[in-house]
Amino acid sequence: MSRSALLVLADGRFPAGGHAHSGGAEAAVKAGRLKDAAGLAAFCRGRLHTTGLTTAALAAAAALDADPHALDEAADARTPSPALRATSRRLGRQLMRAARAAWPGPELDALAAAFPRGAHQPVVLGTAARAAGLGPEDAAHCVAYETVSGPATAVVRLLGLDPFQATAVLARLAPELDQVAARAARDAGIALREGLDVLPAASAPLLDLTAEQHAAWPVRLFAS
């Protein structure tokens, strides 16, 4: 495992397109459900233990070289919102471009050829992690961190929240990030033996509903 590769893949400056997405935070701010640092902590915790766990497990399974077509179907089944499915594939395409530049090799080439319109982002991320010499828990950590860091960064812009407070929220969530990543990697290992149906399917219906509303806004700061 290369710690440097893990840092590169998890870096918010890695050109994978995540900076343009709020992870549902923009809709939550507009609805008045996210107003301050305490609200950000609650929002991030809920997102981490639902969609975060689900996507982290998908990425971990991809890092273990699970069948990408089956994984992509599993991601589709776990993403009921059409807007979020489109977002995931758009982010997958952008991540693929960045990952192939950083870690060129047959794994990513094969995935790009199999999904010319883009695979789901966690499937690409897990494959990129494998191409970079990382393991399933590393891939899960990247997803878990992205799940909360994206909304935290967005809320600084949306609310003018003190960035020190936003960073403190992420720091306090660190133990839970570790727990989610470890569980996701463990569940991915079980899924490779027993079938992908056993992967986590935790959901956040409010995020799905507000994603559809957000996609219809004529003016918005973030793409999702």
Side-chain angles (χ1 to χ4, degrees), residues 7-56 59 78-95 98 120-122 125 140-181 184 202-224:
L7 292 173
V8 171
L9 188 57
D11 192 337
R13 291 164 293 188
F14 191 69
H19 65 279
H21 298 265
S22 75
E26 185 169 22
V29 167
K30 184 174 181 180
R33 289 189 295 271
L34 207 172
K35 302 176 182 178
D36 50 24
L40 175 63
F43 180 88
C44 287
R45 179 171 287 109
R47 196 165 190 269
L48 173 64
H49 289 282
T50 53
T51 58
L53 172 63
T54 300
T55 52
R78 288 162 173 76
T79 313
S81 162
L84 291 181
R85 285 199 297 271
T87 293
S88 180
R89 292 193 185 279
R90 187 160 59 246
L91 286 171
R93 289 193 297 271
Q94 180 69 18
L95 175 58
H120 277 290
Q121 194 260 8
L125 191 147
H141 263 110
C142 287
V143 173
Y145 180 69
E146 180 184 55
T147 296
V148 297
S149 62
T153 301
V155 168
V156 170
R157 296 170 63 186
L158 290 163
L159 289 177
L161 186 69
D162 184 342
F164 292 102
Q165 290 185 313
T167 301
V169 167
L170 298 180
R172 294 184 187 113
L173 284 172
E176 293 177 59
L177 293 175
D178 291 343
Q179 293 166 11
V180 166
S203 64
L206 187 57
L207 285 178
D208 296 325
L209 292 171
T210 56
E212 293 301 309
Q213 297 166 0
H214 183 273
W217 291 1
V219 178
R220 55 184 186 244
L221 184 61
F222 291 93
S224 73

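The first residue of the sequence shown is numbered 1, and numbering continues consecutively from there. All values derive from a computational prediction rather than experimental measurement.
Across all non-hydrogen atoms, the minimal contact from Ala25 to Val155 is CB-CG2, 3.9 Å. Nearest heavy-atom pair, Phe14 versus Leu95, reported as atom, atom and distance to 0.1 Å: CE2-CD1, 3.7 Å. Taking both residues in full, the closest heavy atoms of Pro15 and Gln94 are given as O-NE2, 3.0 Å, listed atom of the first, atom of the second, then distance. Across all their heavy atoms, Ala152 and Ala166 have their closest contact at O-CB, 4.1 Å. The shortest non-hydrogen separation linking Ala144 to Leu177 is O-CD2, 3.4 Å. The minimum heavy-atom distance between Leu91 and Ala16, with the atom names listed, is CD2-O, 3.7 Å.
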Candidate pair Leu161 and Leu40, rule side-chain contact (heavy atoms from CB on, under 4.5 Å), full reasoning: CA-CA 10 Å; Leu161 186 69; Leu40 175 63; 3.8 Å; yes
For Leu9 and Cys142, what are the C-alpha separation, side-chain angles and deciding distance, and is it a side-chain contact (heavy atoms from CB on, under 4.5 Å)? CA-CA 7 Å; Leu9 188 57; Cys142 287; 3.9 Å; yes
Let's go through Leu159 and Leu34 carefully: what are the C-alpha distance in whole Å and the side-chain angles of both, what is the deciding distance for side-chain contact (heavy atoms from CB on, under 4.5 Å) to 0.1 Å, and is it a yes or a no? CA-CA 9 Å; Leu159 289 177; Leu34 207 172; 4.1 Å; yes
Between Ser81 and Glu212, does the side chain to side chain donor-acceptor pair (under 3.5 Å) criterion hold? Intermediate values first, please. CA-CA 7 Å; Ser81 162; Glu212 293 301 309; 2.5 Å; yes
Trace of the side-chain contact (heavy atoms from CB on, under 4.5 Å) decision for Cys44 with Leu173: CA-CA 9 Å; Cys44 287; Leu173 284 172; 3.6 Å; yes
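With rounding to the nearest 0.5 Å, the separation of CG in Leu53 from CZ in Arg78 is 10.5 Å. With values rounded to the nearest 0.5 angstrom, Asp162 atom CG is found 12.5 Å from Asp36 atom CG. Interatomic distance, Lys30 NZ to Arg220 CZ, rounded to the nearest 0.5 Å: 11.0 Å. To the nearest 0.5 angstrom, Arg33 atom CZ is 8.5 Å from Phe43 atom CZ. Separating the CG atom in Asp11 from the OH atom in Tyr145 is a distance of 8.5 Å, to the nearest 0.5 Å.
Side-chain contact between Pro205 and Pro80 is absent, with no heavy atoms from C-beta onward closer than 4.5 Å. No side-chain heavy atom of Thr210 sits under 4.5 Å from any side-chain heavy atom of His214. Counting heavy atoms from C-beta outward, Asp208 and Leu84 have side chains that approach closer than 4.5 Å. Using a 4.5 Å cut-off on side-chain heavy atoms (C-beta onward), Thr54 and Ser203 make no contact. Residues His141 and Val180 are not in side-chain contact: their nearest non-hydrogen atoms beyond the backbone lie 4.5 Å or more apart. Counting heavy atoms from C-beta on, the side chains of Thr79 and Ser88 never come closer than 4.5 Å. Using a 4.5 Å heavy-atom cutoff, the side chains of Glu146 and His21 are not in contact. For the pair Glu26 and Leu221, the minimum side-chain heavy-atom distance is below 4.5 Å.
Atom CZ of Arg172 has 12 or fewer neighbouring heavy atoms from other residues, nucleotides or ligands inside a 6.0 Å radius.
In this view, Arg89 and Asp72, Asp76 satisfy the salt bridge (charged side-chain N to carboxylate O under 4.0 Å, His left out) rule, not counting sequence neighbours.
Judged purely by atom type and a 3.5 angstrom limit, Thr167 has no side-chain atom pairing as donor or acceptor with the backbone of Phe164. Side chain of Ser22 to main chain of Ser224: a donor-acceptor pair is present (N/O by atom type, distance under 3.5 Å, no hydrogens or angles).
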